[in-house]
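Everything quoted here is computed from the prediction, not taken from an experiment. Along the sequence shown, the residues carry numbers beginning at 1.
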Amino acid sequence: ILLIFYIPAIFSNAIWADEAFSVELVQHPFLEIIKIDSTDFHPPLYYLIYRIAYVLLGWMFNNNIVLVGKIVSIIPFVIMTIIGLTMIKKRYGEKTSFIFCLLIAGMPQMMHYALELRMYSYALLFVTLAFIFALDITSQQEINIKKLILLALFSALSAYTHYFACVACIVIYLGLILYSIYKKDYKKILSIIISGIGVAILYSPWLFVFVKQLSSVNNGYWIGPISWNNLIEYLNFLFSASNLFGNILAYFILLVAIIGLVKSLKQKDFIGLFGIIVPFATALIGIILSMIFQPLFVSRYMISGAWCFWLGIAYSLSKLEKKECVISINFLVFFSTIFINSSYLIDEIDNKIKTENNLVNLEKIIDSNGVFVYKSLHVQTVMAVYFENNYHVSYGFSFDQAFASAYGNRKISSISNLQQLKEENKKIYFVDNYDNLMEEAKDNGFLMENLGSYEIDGYSFYIYEGKND
């Protein structure tokens with residue numbers, strides 16, 4: 001039922017810069033996608049899934065590539081809901097299953113990443129499946145080759161989806177080894193290591209590209225140094241709703257779950273703890289790597305372990321077995337998910353309406369053969385998707401190879417001097433993202449006409465038509 005909340009947001013045409021890159025990249029042929037992606041810092045699996053869906057289903061949706069992308073992104077949530085009602089229910093009972101399905105659909109960040117045109121929903125799916133089979137391995141006395149193979153398979157798929165999804169799976173393997181040491185089950189440790197080697201073998205075709213991408217990151221990356229504020233952001237990420245009351249509800253669920261977790265740990269039951277640790281251990285590894293090499297971790301990279309976390313919470317809550325507790329917990333979780341989803345949906349619909357109205361207004365005043373000029377890469381990335389017939393010129397910055405290749409079908413260029421625009425026999429629109437572009441254009445002899453302020457998916461800017469003095 002909660003997934004019904006997602007339907008209105010599916011039809012939103014608002015996208016941010018990274019989603020715009022996805023949209024442009026998947027319009028290339030399959031081999032070209034892999035080639036372009038190899039110059040970026042992400043593995044290619046999500047883009048290939050998106051491309052397959054667009055090729056097969058695009059005609060059904062009038063070739064609306066954004067709508068197809070949102071449908072592609074929500075599929076893992078539907079699959080995990082089915083898994084929650086079947087595999088989770090069979091393994092951990094009806095209470096855990098019910099709570100888990102509510103949490104993955106309704107907790108903070110969930111709805112956002114269910115609809116984003118990026119790889120995170122697939123990272124969630126593959127990491128969680130790897131975690132489920134890892135739990136199976138811990139619960140069985142005998143070595144189960146089938147479970148080890150499935151663990152390796154979904155870990156490899158995770159690695160092909162996002163590098164920090166791979167890190168989350170490394171956390172899962174380390175957890176398995178530590179648990180086996182605790183249980184003094186040394187034979188199982190060897191089988192887990194062999195399974196890990198299997199992941200490396202499955203990943204070997206991309207390994208050279210990964211090393212190449214990593215070396216390019218060491219030469220400079222957009223992520224800034226990790227600060228104390230970042231650490232607070234990591235701790236708050238999974239509980240960060242669109243308003244304060246949503247945050248409080250999510251934290252209250254955590255506090256109640258801790259009671260059940262303590263009860264489980266007293267019984268030497270580590271399932272809840274294992275799940276809760278996965279995203280935070282992933283963040284810890286990201287922080288350590290950022291300190292050793294180059295800053296390369298942001299809070300959203302924790303998302304791949306989020307369903308493991310909420311499975312751990314659901315399992316812990318199910319350990320509170322008194323009838324009064326069960327009723328209260330079910331009501332708390334259900335109310336929280338409804339409130340958090342409703343708040344997000346209201347914001348998303350508001351953003352959709354605002355974006356679409358602004359685009360309609362812009363289309364009325366913009367010459368389709370005109371030139372947009374930017375000092376902001378993010379704004380340029382998005383506007384180039386919406387205004388595909390216009391020219392889009394970056395001023396004062398250069399874009400990387402992946403961006404240039406993905407947008408190869410667009411009229412994209414860069415300049416180092418605004419005087420170069422005076423040679424253009426087209427209307428020139430300066431997009432001022434509060435970056436003093438208007439002032440610089442005036443200083444270079446352009447007469448500026450203010451065409452108004454606009455907001456596209458949270459990017460606010462003014463547009464000025466520049467005319468030669």
Let me have the donor-acceptor pairs involving side chains of residues 166-185, under 3.5 Å, with sequence neighbours excluded, atom names and distances please.
| residue | atom | partner | partner atom | Å |
| --- | --- | --- | --- | --- |
| Tyr173 | OH | Ser195 | OG | 2.7 |
| Ser180 | OG | Leu176 | O | 2.9 |

Can you tell me how far apart [atom1] ([X]) and [atom2] ([Y]) are? Round to the nearest 0.5 Å.
X      : Y      : atom1 : atom2 : result
Lys188 : Leu148 : NZ    : CG    : 8.5 Å
Thr282 : Ile287 : OG1   : CD1   : 11.0 Å
Phe293 : Leu214 : CZ    : CG    : 7.0 Å
Lys147 : Thr138 : NZ    : OG1   : 11.0 Å
Lys354 : Leu359 : NZ    : CG    : 13.0 Å
Gln213 : Thr39  : CD    : OG1   : 8.0 Å

For a 4.5 angstrom cut-off between non-hydrogen side-chain atoms, does [X] reach [Y]?
X      : Y      : value
Arg118 : Arg300 : no
Ile99  : Ile313 : no
Ile36  : Asp40  : no
Ile292 : Ile288 : yes
Asp347 : Tyr344 : no
Ile132 : Phe154 : no
Ile226 : Met291 : no
Ile74  : Lys70  : no

Polar side-chain atom of [X] near backbone of [Y] as donor-acceptor pair, under 3.5 Å:
X      : Y      : result
Asn144 : Ile137 : no
His28  : Ala406 : yes
Ser158 : Val127 : yes
Tyr46  : Ser73  : no
Glu24  : Ala20  : no
Tyr122 : Val72  : yes
Ser405 : Ala402 : no
Tyr407 : Thr381 : yes
Trp307 : Ser304 : no
Asn433 : Ser460 : yes

Quick one: closest heavy-atom pair of [X] and [Y], and the distance?
X      : Y      : value
Ala9   : Leu115 : CB-CD1, 3.2 Å
Asp37  : Pro43  : OD2-C, 3.1 Å
Gly224 : Pro295 : O-CB, 3.2 Å
Ser227 : Asn230 : N-OD1, 2.8 Å
Ala123 : Thr161 : N-CG2, 3.6 Å
Ile412 : Phe403 : CG2-CE2, 4.0 Å

*Aromatic rings Tyr315 and Tyr92: how do their planes relate, parallel, tilted or perpendicular, breaks at 30° and 60°?*
perpendicular
*On the 0 to 90° scale, with breaks at 30° and 60°, tag the His378-Tyr459 ring pair as parallel, tilted or perpendicular.*
perpendicular
Do the two ring centres, one from [X] and one from [Y], sit under 6.0 Å apart?
X      : Y      : result
Tyr374 : Phe461 : no
Phe239 : Phe309 : yes
Phe126 : Tyr160 : no

List the atom pairs, with distances to 0.1 Å, where a side-chain N or O of residues 83-91 and a protein N or O form a donor-acceptor pair under 3.5 Å, not counting sequence neighbours.
| residue | atom | partner | partner atom | Å |
| --- | --- | --- | --- | --- |
| Thr86 | OG1 | Ile82 | O | 2.7 |
| Thr86 | OG1 | Ile83 | O | 3.4 |
| Arg91 | NE | Asp136 | OD1 | 2.8 |
| Arg91 | NE | Asp136 | OD2 | 3.2 |
| Arg91 | NH1 | Met87 | O | 3.4 |
| Arg91 | NH2 | Asp136 | OD2 | 2.8 |

*Are more than 12 heavy atoms from other residues, nucleotides or ligands located less than 6.0 Å from atom CD of Gln140?*
yes
*Please say whether more than 12 non-hydrogen atoms of neighbouring residues, nucleotides or ligands are located less than 6.0 Å from CD in Gln401.*
no
*Assess whether side chain to side chain contact (heavy atoms under 4.5 Å, CB included) is satisfied between Thr355 and Tyr386, documenting all intermediate values.*
CA-CA 11 Å; Thr355 295; Tyr386 291 123; 4.2 Å; yes
_Sole residue of Tyr301, Phe297, Phe280 in ring-ring contact (aromatic ring centres under 6.0 Å, His included) with Tyr234_ = Phe297
_If the test is ring-ring contact (aromatic ring centres under 6.0 Å, His included), which one of Tyr163, Phe210, Phe21 qualifies with Phe41?_
Tyr163
N/O donor to acceptor pairs below 3.5 angstrom from side-chain atoms of residues 104-114, sequence neighbours left out:
| residue | atom | partner | partner atom | Å |
| --- | --- | --- | --- | --- |
| Gln109 | NE2 | Phe237 | O | 3.1 |
| Gln109 | NE2 | Ser240 | O | 3.4 |
| His112 | NE2 | Glu116 | OE2 | 3.1 |

_Restricting to ring pair (Phe, Tyr, Trp, His ring centres under 6.0 Å), what partner residues turn up for Tyr47, sequence neighbours left out?_
none
_For Ser12, all residues meeting side chain to side chain donor-acceptor pair (under 3.5 Å), sequence neighbours excluded_ = none
*Can you list the steps and then say if Ile271 with Phe274 is a side chain to side chain contact (heavy atoms under 4.5 Å, CB included)?*
CA-CA 5 Å; Ile271 290 174; Phe274 194 0; 5.7 Å; no
*asked:* Going by side chain to side chain contact (heavy atoms under 4.5 Å, CB included), Tyr54 matches just one of Val23, Asn64, Ile65. Which one?
replied: Ile65
I'd like a table of donor-acceptor pairs (distance under 3.5 Å, sequence neighbours excluded) in which one partner is a side-chain atom from residues 247-263, with atom names and distances.
| residue | atom | partner | partner atom | Å |
| --- | --- | --- | --- | --- |
| Asn247 | OD1 | Ala241 | N | 2.6 |
| Tyr251 | OH | Asn236 | OD1 | 2.7 |
| Lys263 | NZ | Lys319 | O | 3.0 |

*Taking it one step at a time, do Ile303 and Phe164 satisfy side chain to side chain contact (heavy atoms under 4.5 Å, CB included)?*
CA-CA 9 Å; Ile303 195 67; Phe164 277 97; over 6 Å; no
*Run the numbers on Asp457 and Val382 for side chain to side chain contact (heavy atoms under 4.5 Å, CB included), then give the verdict.*
CA-CA 9 Å; Asp457 197 39; Val382 172; 5.7 Å; no
